[in-house]
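Scroll down for the structure; my scribbles are underneath it.
Both backbone and side-chain heavy atoms feed into the values below; hydrogens, waters and symmetry mates do not.
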Amino acid sequence: MPRATSDRFSRAHQPSAAKAKASSDSAGSSSGVRNPIFNTERFGQHILKNPQTAQSIVDTANLRPTDKVLEVGPGTGNLTVRILEKAKHVTAVEMDPRMAAELTKRVQGKCVVRPPEQRKLDILIGDFVKADLPYFDVCISNTPYQISSPLVFRLLSHRPLFRTAVLMFQREFALRLVARPATDLWSRLSANVQLYAKVDLVMHVGKNNFRPPPKVESSVVRLVPRDPPPPIEFGEFDGLGRIIFTRRNKTIHANFMAKGVMEMLESNWKTWASVNDTTVEDGFDIKKKVEGVLEETGFSESRVAKMDIDDLLKLLSAFHDVGIHFA
């Protein structure tokens, strides 16, 4: 995994003087005063300003005195200072060097009274998705909405497993994470995440809790990895999901008959056969193999909108039994 961007951004990372001026002219606090700290257009920054909400998020994590915490998108530190009061150590990953500087000054100010807090905080400046992450027990994030999905799957692939994550997302994304089968928001995202973690909705957070307020509402979810994780290759499970969630209210058979699916599966099967030293028989018919699996499992006329994760795993296993793969 490539290392995080260093604490000095190159000139390519810096906005032009004209853009910087336009950003500072348009960004401001809730009182309408210009504030050059906020750069919502570039980084999607919306600072959580409600102290009660910030405290509720930290309390939800049930932090222990021995915990090492990963915070993504700390901003000016409204969550960070509360985490530092309860945890052993905090690693904060911040994309914007100016925000990192503000956070450093804030913690140093508190350190006049309580010196240990500064030593408990490390700030990594750079892209969370590319950063080398340290060991952590808990993750807390007021997530920049543009990295919501990469953040979730980066966390779920991290080893060793963490204990819990408390994450703020755009409300629609959060509701898709916790959606159940036979509901409108049940999706490939829901299935992929719930295969590897238990996810529950903690609270809704309105626009006015942020400065500047975003255009959408937010929600907080708690994510607890399944330990041990299921012995399922993510690429295989997700590959099946890509086919059958494309048209979630169509039958499974209809989704497999969509243009290009059989060609992809035949290519995958021949690769599998070659690796496993299996002879491709004369008259090989991938469509016949697929339809045989669907009939045998009883899912041919099912719709993924109403199938749960156990159903998906049963279907995936049946395909694997006949050498059909999706990654």
Determine whether [X] and [Y] fall in the same hydrophobic cluster, where Ile, Leu, Val, Met, Phe, Trp and Tyr are linked whenever their side-chain heavy atoms lie under 4.5 Å apart.
| X | Y | result |
| --- | --- | --- |
| Val166 | Leu161 | no |
| Phe234 | Leu177 | yes |
| Ile57 | Val224 | no |
| Val202 | Leu63 | yes |

For [X] and [Y], work out which heavy atoms get closest and say how close.
| X | Y | value |
| --- | --- | --- |
| Pro74 | Glu94 | CD-OE1, 3.3 Å |
| Met168 | Tyr145 | O-CE2, 4.4 Å |
| Pro134 | Thr91 | CG-OG1, 3.7 Å |
| Ala197 | Leu156 | CB-CD2, 3.8 Å |
| Ala61 | Val138 | CB-CG1, 4.0 Å |
| Glu85 | Val81 | CG-O, 3.3 Å |

Ignoring hydrogens and angles, tell me if any N or O in the side chain of [X] forms a donor-acceptor pair with the backbone of [Y] under 3.5 Å.
| X | Y | answer |
| --- | --- | --- |
| Asn255 | Ile252 | no |
| Ser267 | Met264 | no |
| Asn78 | Leu48 | yes |
| Asp137 | Lys68 | yes |
| Arg211 | Asn208 | no |
| Ser274 | Lys270 | no |
| Arg226 | Gln194 | yes |
| Trp186 | Met307 | yes |
| Lys120 | Ala87 | yes |

Quiz item: Does Arg106 pair with Glu102 as a salt bridge, N-O distance under 4.0 Å?
Solution: no
Quiz item: Between Arg242 and Asp238, is there a salt bridge with N-O shorter than 4.0 Å?
Solution: yes
Any side-chain heavy-atom pair from [X] and [Y] closer than 4.5 angstrom?
| X | Y | answer |
| --- | --- | --- |
| Met203 | Thr53 | yes |
| Leu70 | Phe162 | no |
| Leu133 | Arg154 | yes |
| Leu312 | Phe299 | no |
| Phe245 | Leu240 | no |
| Val178 | Asp200 | no |
| Leu124 | Asp132 | no |
| Asp311 | Ser302 | no |

Say you draw a straight line from [atom1] of [X] to [atom2] of [Y]; how long is it, rounded to the nearest 0.5 Å?
| X | Y | atom1 | atom2 | answer |
| --- | --- | --- | --- | --- |
| Ser219 | Arg171 | OG | CZ | 4.0 Å |
| His204 | Ser218 | NE2 | OG | 11.0 Å |
| Lys49 | Thr76 | NZ | OG1 | 12.5 Å |
| Arg180 | Leu185 | CZ | CG | 13.0 Å |
| Asp59 | Gln52 | CG | CD | 11.5 Å |
| Lys88 | Thr66 | NZ | OG1 | 7.5 Å |

Residues that [X] engages under ring pair (Phe, Tyr, Trp, His ring centres under 6.0 Å), provided they are two or more places apart:
| X | answer |
| --- | --- |
| Tyr135 | none |
| Phe173 | Phe169 |
| His158 | Phe136 |

Are more than 12 heavy atoms, taken from residues, nucleotides or ligands other than [X], located less than 6.0 Å from that residue's [atom1] atom?
| X | atom1 | value |
| --- | --- | --- |
| Asp184 | CG | no |
| Glu217 | CD | yes |
| Lys289 | NZ | yes |

Quiz prompt | Full working for side chain to side chain contact (heavy atoms under 4.5 Å, CB included) between Leu155 and Val72 | solution = CA-CA 11 Å; Leu155 290 177; Val72 183; 5.8 Å; no
Quiz item: Passes side chain to side chain contact (heavy atoms under 4.5 Å, CB included), Val216 versus Glu172? Steps please.
Solution: CA-CA 9 Å; Val216 296; Glu172 180 183 355; over 6 Å; no
Exercise. Begin from the C-alpha positions of Leu167 and Cys139 and carry the test side chain to side chain contact (heavy atoms under 4.5 Å, CB included) through to its verdict.
Key: CA-CA 8 Å; Leu167 312 169; Cys139 178; 4.0 Å; yes
Practice problem: For Pro214, check side chain to side chain contact (heavy atoms under 4.5 Å, CB included) against everything at least two apart and list the hits. | Solution: His46, Lys207, Phe210
Practice problem: Assess the side chains of Ser187 and Ser190: does a donor N or O sit below 3.5 Å from an acceptor N or O? | Solution: yes
Quiz item: If we ignore angles and hydrogens, is there a donor and acceptor under 3.5 Å between the side chains of Asn249 and Arg303?
Solution: no
Exercise. Report the C-alpha distance between Asn62 and Thr164 in whole Å, list the side-chain angles of each, state the deciding distance to 0.1 Å, and finish with yes or no for side chain to side chain contact (heavy atoms under 4.5 Å, CB included).
Key: CA-CA 9 Å; Asn62 293 318; Thr164 188; over 6 Å; no
Atom pairs and distances, side-chain donor-acceptor, residues 317-327, under 3.5 Å, sequence neighbours left out:
{"from": "His320", "atom 1": "NE2", "to": "Glu236", "atom 2": "OE1", "distance (Å)": "2.7"}
{"from": "His325", "atom 1": "NE2", "to": "Trp272", "atom 2": "NE1", "distance (Å)": "3.3"}

Quiz prompt | Set of residues satisfying salt bridge (charged side-chain N to carboxylate O under 4.0 Å, His left out) with respect to Asp67, sequence neighbours excluded | solution = Arg163
